[in-house]
Undergrad: 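This is the structure, below, for whatever I ask next.
In this text, all values refer to a predicted model and were calculated from it rather than measured experimentally. Atom set for the values below is all heavy atoms of this structure, side chains included, hydrogens, waters and symmetry mates excluded.
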Amino acid sequence: MDLGQYLPQSNFLNSTTWSILLVTVMGIVGGMSPLSKVPGTKQLSNIFLYTLIGLIASSANFAELTEAPVYILAGACILGIHALIMAIFAKIFKFDLFTCCVASVANIGGVASAPVIAGAYNDALVPVGVLMGMLGAIIGTGMGLIVAKLLFSLV
């Protein structure tokens, strides 16, 4: 049942956004409750995570990739700037490799890929990757909307 369709809708908060927010809050609350101690929850959550990654990958369309070389070049420039900023912040604040990698993937790859990178370091760090991915998605969406409003006001 999609509870998001019964909540108030706007340009930013549609039924899908509400559903993601509700599931995220329920997951965090469930993770902090005695429900997290039920045997098999870790394995089940990993199955759901990899299913989500598979669903995202299955909807990707690479056929039109060669038709937009300017966008590919722009993406490469953005990734280069991102890597430079991450290296500068890592040096200034003395971040470890785990924090830099997961934060980077949370900003670029999003909710689905940050837990995978965190799990590559240690299985116990998957929840940290999920939280960093969600935080990256929430902040990124909010900042993207603000930048869009600013750019629209310039036109």
Side-chain angles (χ1 to χ4, degrees), residues 1-65 71 75-76 78-149:
M1 182 160 115
D2 186 12
L3 295 177
Q5 65 185 354
Y6 301 111
L7 295 170
Q9 309 288 318
S10 70
N11 288 342
F12 177 65
L13 292 171
N14 57 22
S15 67
T16 305
T17 307
W18 276 116
S19 297
I20 291 171
L21 289 172
L22 290 172
V23 168
T24 303
V25 169
M26 287 189 293
I28 291 172
V29 169
M32 290 190 238
S33 72
L35 189 61
S36 67
K37 305 291 188 244
V38 173
T41 54
K42 183 177 180 181
Q43 291 82 5
L44 187 61
S45 66
N46 282 339
I47 290 170
F48 284 146
L49 175 65
Y50 293 129
T51 302
L52 172 67
I53 293 168
L55 286 171
I56 292 170
S58 68
S59 65
N61 182 8
F62 296 108
E64 299 165 354
L65 199 58
Y71 293 119
I78 290 169
L79 287 176
I81 293 168
H82 174 77
L84 182 66
I85 290 171
M86 289 299 293
I88 290 169
F89 276 102
K91 191 74 171 166
I92 292 172
F93 295 111
K94 297 179 179 35
F95 290 145
D96 60 343
L97 186 60
F98 163 75
T99 306
C100 290
C101 287
V102 175
S104 175
V105 172
N107 284 306
I108 294 174
V111 181
S113 28
V116 174
I117 298 298
Y121 285 95
N122 189 342
D123 285 342
L125 297 173
V126 171
V128 174
V130 171
L131 288 175
M132 288 178 81
M134 287 302 299
L135 187 63
I138 291 167
I139 292 173
T141 302
M143 294 303 288
L145 289 171
I146 291 170
V147 168
K149 290 275 188 191

Undergrad: Could you tell me the separation between the CD1 atom of Ile88 and the CZ atom of Phe93, rounded to the nearest 0.5 Å?
TA: 11.5 Å
Undergrad: Take Leu7 and Leu22, measure what side chain to side chain contact (heavy atoms under 4.5 Å, CB included) needs, and give me the verdict at the end.
TA: CA-CA 11 Å; Leu7 295 170; Leu22 290 172; 3.8 Å; yes
Undergrad: Closest approach of Val105 and Ala114, non-hydrogen atoms and distance?
TA: CG1-N, 3.6 Å
Undergrad: Specify the closest pair of heavy atoms between Met86 and Ala103, including all atoms of both residues, with the distance to one decimal.
TA: CE-CB, 4.1 Å
Undergrad: Considering non-hydrogen atoms only, spot the tightest contact between Tyr121 and Cys101 and give its length.
TA: OH-SG, 3.4 Å
Undergrad: Could you pull out the closest heavy-atom pair between Leu35 and Gly30, with the gap in Å?
TA: CB-O, 3.9 Å
Undergrad: Calculate, to the nearest 0.5 Å, the distance between atoms CD1 and CD1 belonging to Ile81 and Ile78 respectively.
TA: 7.0 Å
Undergrad: With sequence neighbours left out, what residues match Asp96 under side-chain hydrogen bond (donor to acceptor under 3.5 Å, both in side chains)?
TA: Thr99
Undergrad: Quick check against the 3.5 Å criterion: does Trp18 have a side-chain atom that pairs as donor or acceptor with the backbone of Pro8?
TA: yes
Undergrad: Show, in sequence, the C-alpha distance, side-chain angles and deciding distance for Asn122 and Phe98, and conclude whether the side chain to side chain contact (heavy atoms under 4.5 Å, CB included) test is met.
TA: CA-CA 10 Å; Asn122 189 342; Phe98 163 75; over 6 Å; no
Undergrad: If you take all heavy atoms of Ala90 and Cys100, which pair is closest and at what distance?
TA: CB-SG, 3.3 Å
